[in-house]
Amino acid sequence: MKETIRDMLKTAVKAAAAGKKLPVDSIPDAIDVEEPKFESHGDFSSNAAMISAPVQKLPPRVIAQAIIDHIQDSEGVIEKMEVAGPGFINFFIRPDAWRPVLDQIHEKGDLYGSSNFGKGRAVQVEFVSANPTGPLHVGHGRGAAVGDSVAKILSFIGYSVQREYYINDSGRQIRTLGNSVYLRYRELSGEKIEFPDGLYKGDYIIDLAQSVRDLQGDSLLRKPESEAVGFCARYAADIILKGIRDDLAAFNVEFDRWYSEQGLYDSGSVDRSIQSFRNRGLIYEKDGALWFKTSEHGDEKDRVVVKSGGETTYFASDIAYHTEKYERGFERVIDVWGADHHGYIPRIRSFLTALDIDQERFDVILVKMVNLLRGGVQIAMSTRAGEFVTLKEVVGEVGSDAARFIFLTRHYESPLDFDLEVAKKKSNDNPVYYVQYVHARICSIVARGLERGIDAGTAGPEKHSGSIEPEEIRLIKLMNRYPEVVLHAGRRLEPHRITYFLTELASAFHTYYNKHRVLADDIELTRFRLYLVLAVRKIIKNGLELLGVSAPEKM
RNA sequence: GCGCCCGUAGCUCAGUUGGAUAGAGCGCCGGACUUCGAAUCCGUAGGCCGCAGGUUCGAAUCCUGCCGGGCGCACCA
């Protein structure tokens with residue numbers, strides 16, 4: 001509909017110019033056709049005349065009038081047009097002209113809202129990527145919800161998407177994990193242990209130590225410490241990673257690939273990467289360490305890749321990893337990180353510049369923290385002390401749907417308060433049910449219709465020529481907007497836009513439902529309304545799917 | 001001290017990448033179930049969009065400077 005109007009504007013300007021009413025026969029691409037906030041401003045409004053003023057060298061209102069005079073409305077969708085305010089052109093759509101939108105929705109079905117914006121380009125979304133040193137907590141849950149939803153949306157707008165989890169399974173933290181488990185293991189074997197700071201203290205470490213004992217008995221005590229620690233590290237990381245996979249599966253998040261950091265070392269990829277940058281003079285030696293010249297490309301200082309002790313840093317494998325991402329053929333790479341890592345961005349960006357990779361091809365989604373509350377009271381969390389609420393516990397308590405939806409109710413850059421009690425509430429406090437309820441309600445209506453012998457599947461508008469209610473037009477207008485909401489959410493990588501849209505659509509539906517009966521006395525009217533309501537159901541389901549939330553038929 | 005993010009209704013937050021008169025939910029108060037699901041709806045109140053300048057036809061949005069908050073500034077991960 002918007003495009004139609006845009007086209008009409010272009011042709012009108014050409015026609016006006018041809019008739020010598022305007023000096024220039026084109027309009028800038030920057031013009032907008034938007035839905036005004038106020039109904040009195042029409043269904044659509046354009047700033048074309050104002051934007052064109054500098055080009056046409058005429059007052060906006062004069063241009064606007066000239067355009068209106070030359071609008072050709074071949075399809076007859078416009079009821080009236082007017083010049084308003086400083087030079088807006090307002091369009092009022094004929095109520096009947098909205099009906100074809102319903103046909104489009106039904107024709108496109110599950111694909112309504114999808115597009116080919118991405119043109120099949122390969123994009124990778126890497127998210128969660130939590131170290132396998134402990135269970136996932138709520139913060140990871142938010143990252144998972146955001147990453148997965150972004151992936152779904154991008155896929156829906158025509159990208160070829162791969163979801164990846166980067167496993168930090170090498171380096172010091174894994175050794176720390178091994179040490180932690182090993183010490184607990186010795187403790188369980190009867191030794192008196194002074195548990196040092198800096199090790200992982202959660203109860204899960206003791207559980208892991210116990211299962212090492214169940215498996216190996218006392219045998220590790222007789223082995224050299226490094227070997228024993230190594231065993232504990234590998235064993236613990238495996239178990240924890242398996243737990244992470246399970247937790248994510250319960251959260252309806254699936255990855256296409258689990259990428260091992262250790263693999264980058266084993267394959268020699270890290271060494272090759274370092275060597276290649278060394279050859280190019282981008283990595284140099286100083287004070288016995290190897291440094292990357294990130295400062296030349298925007299970082300505030302150079303960064304160490306290999307410490308003087310010979311140990312590589314996290315940045316070393318990240319260089320290799322991100323290089324590989326592009327070598328694997330991804331045109332776009334999106335990393336989802338916790339906001340506390342934001343200082344890391346210039347590092348990666350400067351390295352990409354060094355690689356001569358266009359910055360446009362790299363995005364970071366920084367997800368801010370989650371404040372977990374219970375009944376308005378904040379729950380204290382400390383990863384170090386091992387006191388935190390896990391994702392598994394939250395999903396177990398409030399359910400995957402509620403958790404995912406709430407994680408996506410805010411822009412990811414905004415800190416999120418997550419109240420467990422609210423998440424469980426079955427009321428308007430809780431937007432998940434508000435939206436899901438629409439789906440269930442419509443399913444229920446359809447079922448009742450069937451009882452009366454009306455098959456909603458064959459319902460249609462064809463014979464209904466009566467007038468359309470304002471609440472019906474409002475619903476159709478909203479649904480008409482859905483494709484661009486999805487597109488925008490995808491372009492900006494902002495799933496919350498879908499959440500907001502669904503809430504708005506749900507609200508419009510509930511209002512409609514309370515005012516008008518779908519199963520009316522008039523059979524043709526009923527068929528039309530079923531047709532309408534089925535379209536709503538389709539979009540609710542589709543939108544929820546993009547958020548990774550189910551659309552129940554009964555609640 | 002430097003960098004990034006953020007200040008919008010009592011609370012939690014949106015605001016279509018510069019549009020007309022500022023938007024929701026919650027909370028408060030008052031209403032609506034003999035008919036398709038009340039997990040719903042309807043109504044009222046609530047605002048120097050942190051402050052001060054600037055850019056222009058037009059600013060919550062862009063620029064500068066303050067004030068206030070969060071985070072980051074390692075041969076950490």
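Sequence lines set the chain letters: A, B, ... in the order given, protein chains first and strands last, and positions in each chain run from 1.
Nearest to the side-chain atoms of A:H342 among the listed nucleotides B:C41, B:G15, B:G72 stands B:G72. Of the candidates B:G72, B:G37, B:G19, B:G37 carries the atom nearest the A:Y437 side chain, counting heavy atoms from C-beta on. The side chain of A:R441 has B:A38 as its nearest neighbour among B:A39, B:C13, B:A38. Of the candidates B:C36, B:C75, B:G37, B:C75 carries the atom nearest the A:K307 side chain, counting heavy atoms from C-beta on. Taking every side-chain heavy atom of A:K554 into account, B:G37 is the closest of B:U16, B:C13, B:G37. Set against B:G72, B:U17, B:A20, the side chain of A:F88 has B:A20 as its closest nucleotide. For A:N514, whose side chain is taken as the heavy atoms from C-beta onward, the closest listed nucleotide among B:A14, B:U21, B:C41 is B:C41. Counting only heavy atoms from C-beta on, A:P86 has its side chain closest to B:C57 among B:C57, B:A14, B:G37. Closest to the side chain of A:H41, from the set B:U21, B:A14, B:C41, is B:U21. Counting only heavy atoms from C-beta on, A:K37 has its side chain closest to B:G23 among B:C41, B:G23, B:A74.
A cation-pi arrangement is present between A:R441 and A:Y513 under the rule of less than 6.0 angstrom and at most 45 degrees off the ring axis.
A residue-by-residue look at A:D417 and A:N90 shows that A:D417 has its nearest nucleotide of RNA chain B further toward the 5' end.
Note on A:P415: only backbone sugar-phosphate atoms sit closer than 4.0 angstrom, heavy atoms only; bases stay farther off. Counting non-hydrogen atoms under 4.0 angstrom, A:S45 reaches a base of the nucleic acid. A:H488 comes within contact range of the sugar-phosphate backbone alone, with a heavy-atom separation under 4.0 Å but no base atom that close. Among the heavy atoms of the strands lying under 4.0 Å from A:T511 are primed sugar atoms or P, OP1, OP2 only; no base atom is included. Within 4.0 Å of A:R497, counting heavy atoms only, lie sugar-phosphate atoms of the nucleic acid but no base atom. Residue-level contact check: A:R452 touches neither bases nor backbone, having no heavy atom under 4.0 Å from any strand. Among the protein residues, A:D287 comes within range of the nucleic acid bases, having at least one heavy atom under 4.0 Å from a base atom. Using a 4.0 Å heavy-atom cutoff across all strands shown, A:N47 reaches at least one base atom of the nucleic acid. Among the atoms of the strands shown, none is found under 4.0 Å from any heavy atom of A:N371. Note on A:H439: nothing from the nucleic acid sits closer than 4.0 angstrom, heavy atoms only. Among the heavy atoms of the strands lying under 4.0 Å from A:R517 is at least one base atom, whether or not backbone atoms are also near. Here A:H341 lies in heavy-atom contact (under 4.0 Å) with a base. Nucleic acid contact class of A:E300 (heavy atoms, under 4.0 Å, all strands): sugar-phosphate only. Among the protein residues, A:Y434 comes within range of the sugar-phosphate backbone only, with heavy atoms under 4.0 Å from sugar or phosphate atoms but none that close to a base.
Between A:Y259 and A:Y321, the two ring planes are tilted [angle within 30° to 60°].
The aromatic ring of A:Y513 does not sit over the base of B:C41, since the test of centres under 5.5 Å and planes under 30° is not met.
Between the side chain of A:N47 and the backbone N or O of A:I31 there is no donor-acceptor pair closer than 3.5 Å. Here the side chain of A:D169 pairs a donor or acceptor atom with the backbone of A:E261 at under 3.5 angstrom.
Residue A:F405 contributes atom CZ, which lies 20 Å from atom P of B:U12 at whole-angstrom precision.
OP1 or OP2 of B:G37 lies within a sub-4.0 Å distance of a side-chain N or O belonging to A:R448. Not one side-chain nitrogen or oxygen of A:K426 sits closer than 4.0 Å to the OP1 or OP2 atom of B:G37.
Nucleotide B:C28 has no partner under the Watson-Crick or G-U criteria, as no pair reaches both atom distances under 3.5 Å. When both pairing distances are held under 3.5 Å, B:G18 makes no Watson-Crick or G-U pair with any nucleotide shown. Base pairing analysis places B:G72 opposite B:C2; the two distances defining the Watson-Crick or G-U wobble pair are each below 3.5 Å. B:G65 is paired with B:C51 under the Watson-Crick or G-U wobble criterion, all donor-acceptor distances under 3.5 Å. Figure legend. B:A39 is base-paired to no nucleotide; pairs are counted as Watson-Crick or G-U wobble with both atom distances under 3.5 Å. Across all strands shown, B:C13 is found opposite B:G23 as a Watson-Crick or G-U wobble partner, with both distances under 3.5 Å.
For the pair A:E471 and A:K515, the salt-bridge criterion is met [side-chain N within less than 4.0 Å of a carboxylate O]. Contact check on A:R497 versus A:E494 returns a salt bridge, with a Lys/Arg side-chain nitrogen under 4.0 Å from an Asp/Glu carboxylate oxygen.
Pairing each heavy atom of A:T353 with each of A:H297, the nearest pair is CG2-ND1, 3.5 Å.
For the ring-ring contact (aromatic ring centres under 6.0 Å, His included) test, no residue two or more places apart in sequence or in another chain qualifies with A:F156.
One cannot find a donor-acceptor pair under 3.5 Å joining the base of B:A24 and the side-chain atoms of A:S507. For A:S414 and B:C13, a side-chain-to-base donor-acceptor distance below 3.5 Å is absent, hydrogens and geometry of angles not being considered.
Straight-line distance between the P atoms of B:C41 and B:C48: roughly 29 Å, to the nearest whole Å.
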